[in-house]
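Along the sequence shown, residues carry numbers from 1. Every number for a ligand or one of its atoms is a count from 1 in the order of the listing.
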Amino acid sequence: MTSATATTVYVPCDSSALSLGAEAVAIAIASEAARRNASIKLIRNGSRGLYWLEPMIEVATGHGRFAYGPVSAADVPSLFDAGFLDGADHRLALGLTDDIPYLKRQSRVTFARVGLTDPLSLDDYLAHGGYRGLARALEMSGAQIVQEVTRSNLRGRGGAAFPAGIKWKTTLDQESKRKYIVCNADEGDSGTFSDRMIMEGDPFLLIEGMTIAAVAVGASEGYIYLRSEYPHSMRTLAAAIESATRAGYLGPNVLGSGKPFRIEVRVGAGAYICGEETAMLESLEGKRGVIRFKPPLPAISGLFGQPTVVNNVITLASVPVILEKGGKFYNEYGVGRSRGTIPLQLAGNVKRPGLFELPFGLTLRELIDDFGGGTASGRPLRAVQVGGPLGAYFPASMLDLPIDYEAIAGAGGLLGHGGVVVFDDTADLARMARYAMEFCALESCGKCTPCRIGSTRGVEVIDRIIANRERSANVELLRDLCDTMTAGSLCALGGLTPLPVMSALKHFPQDFGLASANGKNNG
Ligand SMILES: Cc1cc2nc3c(=O)[nH]c(=O)nc-3n(C[C@H](O)[C@H](O)[C@H](O)COP(=O)(O)O)c2cc1C
Ligand code: SF4
């Protein structure tokens, strides 16, 4: 039953919360409210990203939103008994949502609305500042929009950290009747889920970001290349695109500007390599996902040979606030050449996994200890892999490394899409190095020899090292192989696989049966 005095209760509909039973909780709340004649309005919001508290429900009270979690369907009657609709105390009470320390310490710039609103309500989006960026963009020339993005120093969040403004300018400068915006939502990196959280928690933000990109460079068509493992994102995006089109934010005449822009979602088929932009373009064209030679850059000759901006979900979702508040506002966050905020995704053996949006510059230790609470097992932390399957393994002694693109690259790693996976002291880094080679062999597109053949040989060499068969000679061979893969691979899959392998060998030689990283045999 819903009335003017109904209490608003929020239950997340994000995949992470659903996987932890949020649907059953929503059903239990609705039926318990009906049974008790309590007037409630149930809103399915996005997840706040505090996964250890999911399903985290919230209640709107006169004092603000109160949170409870992790809630199971069995907890619901006791929540009603305690008076949770008034924000009353309960063993699962977390207090005012805004005061939860793990939320309070964040700088939610891109994720400002995620968890706050109903992801599928355009009215809610507008009431919380949505589409202000596009309104401003429509008053500007393409060059001015690009200048604003350039001023923000936003760099691509998909992995390569290429400046978005430069990419957009390249496409803007091309003379062509047809240009495209392609959003890379393949999110293949292990331990990452920020794209999914935006698509499921604030889909209009991505749509607005893509529309601003289209207005900036003169594109009329957009594609979202979505991984097939995200069925909830698919449904949310489809519904949001339909609402935006119905309301005139997409279509033949965006907000009466005379500019057309439409968006289509295309679902991938599970190949990691299809996250690489040129393989993704091949896949979008209906072909096998194989890398294209560069040049030409996609910004000049991309989808169907036309100028194409390819950007990650988070890159595009960062654009509306840059247009609304100015590039300078965004640029004020961060350190060095890593400006703005980054949604860090903490996973693996960690007590408090989740997504934390923070300005660049905090250390791995702050992220893992202050936010993550250390290992879930309670055992000592041994290694951290930063940046997905192609990222380096860092030992516990390197946790004071600041999270910024240059600092991590300087330490022999990459920040990638912002995934941080924690391992305790039971991890065997030689096996993880073997896994990196195996992953490369499985996911290689096969176009170039160093990757296609090298990765398979890499697995064999590591097996021989582990088995102590001519260990010193095989360590040398592994180094040589990694050098060849780094220098001779056509794309970053083969080119960066040596990062996890060599970092494991460097920082954890004992796991390979070596006394030191120089290759002295222990066995
Ligand atoms: C093997 C491989 C996999 C990749 N997977 C993804 C991915 O899943 N999502 C993504 O946004 N970028 C991925 N990238 C990076 C893209 O090639 C490209 O740099 C990115 O989509 C550009 O957008 P950005 O500038 O906004 O980061 C991958 C790159 C490689 C080499
Ligand atoms: S490095 Fe691997 S994935 Fe990349 S082009 Fe070569 S074979 Fe294909």
Please determine whether the number of non-hydrogen atoms from other residues, nucleotides or ligands lying under 6.0 Å from atom NZ of K169 exceeds 12.
no

Give a yes or no on this: more than 12 heavy atoms of other residues, nucleotides or ligands lie within 6.0 Å of atom NZ of K177.
no

Which of the numbered atoms in ligand 1 are below 4.0 angstrom from a heavy atom of [X]?
X	result
V310	21 (O), 22 (C), 23 (O)
D186	8 (O)
E187	7 (C), 8 (O), 9 (N)
T315	24 (P), 26 (O)
R157	26 (O), 27 (O)
N312	10 (C), 11 (O), 23 (O), 24 (P), 26 (O), 27 (O)
E277	16 (C), 17 (O), 18 (C), 22 (C)
G188	8 (O)

Report yes or no: is the cationic atom of R108 (NZ for Lys, CZ for Arg) closer than 6.0 Å to the six-membered ring centre of F111, at no more than 45° off its axis?
no

Does any N or O atom in [X] lie less than 3.5 angstrom from one in ligand 1, N or O only?
X	answer
Y272	no
G275	yes
C491	no

Check: D428 main-chain N/O paired with D511 side-chain donor or acceptor under 3.5 Å:
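Flag not set: sc D511 to bb D428 has no pair under 3.5 Å.
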
Determine whether a donor-acceptor pair (N or O, by modelled atom type, separation under 3.5 Å) exists between the side chain of S257 and the backbone of K259.
yes

Write out the residue and atom name of the closest protein heavy atom to atom 27 (O) of ligand 1, then the distance separating them to 0.1 Å.
G158 N, 2.7 Å

Give the residue and atom name of whichever protein heavy atom lies nearest to atom 2 (C) of ligand 1, and the separation in Å to one decimal.
E276 CB, 3.8 Å

Could you see which bit of I273 sits under 4.0 Å from ligand 1, with heavy atoms only: side chain, backbone, both or neither?
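For I273, the contact with ligand 1 is made by the side chain alone.
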
Identify whether the distance between the nearest side-chain nitrogen and carboxylate oxygen of R196 and E229 falls below 4.0 Å.
no

With ring centroids as reference points, do Y51 and F193 lie under 6.0 angstrom apart?
yes

Mind checking whether F204 and Y249 have ring centres under 6.0 Å apart?
no

Parallel, tilted or perpendicular: rings of Y435 and F439 (30°, 60°)
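If you compare the ring of F439 with that of Y435, the planes turn out tilted.
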
Can you tell me how the ring of Y125 sits relative to the ring of Y131, calling it parallel under 30°, perpendicular over 60° and tilted otherwise?
perpendicular

Out of L154, D189, N184, I314, whose heavy atom sits nearest atom 20 (C) of ligand 1?
N184

Counting only heavy atoms, tell me which of S444, A160, P389 gets closest to atom 19 (O) of ligand 1.
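Nearest heavy atom to atom 19 (O) of ligand 1 lies in A160.
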
Mark the output for K167 as yes if a heavy-atom distance to ligand 1 is under 4.0 Å, and as no if none is.
yes

Is it the case that [X] and [Y] place a side-chain donor and acceptor less than 3.5 Å from each other?
X	Y	result
E276	T278	yes
R157	N312	no
R339	Y330	no

Any idea how many protein N, O or S atoms are nearer than 2.8 Å to atom 2 (Fe) of ligand 2?
1

What is the minimum heavy-atom distance between M485 and P450, and which atoms define it?
CG-O, 3.3 Å

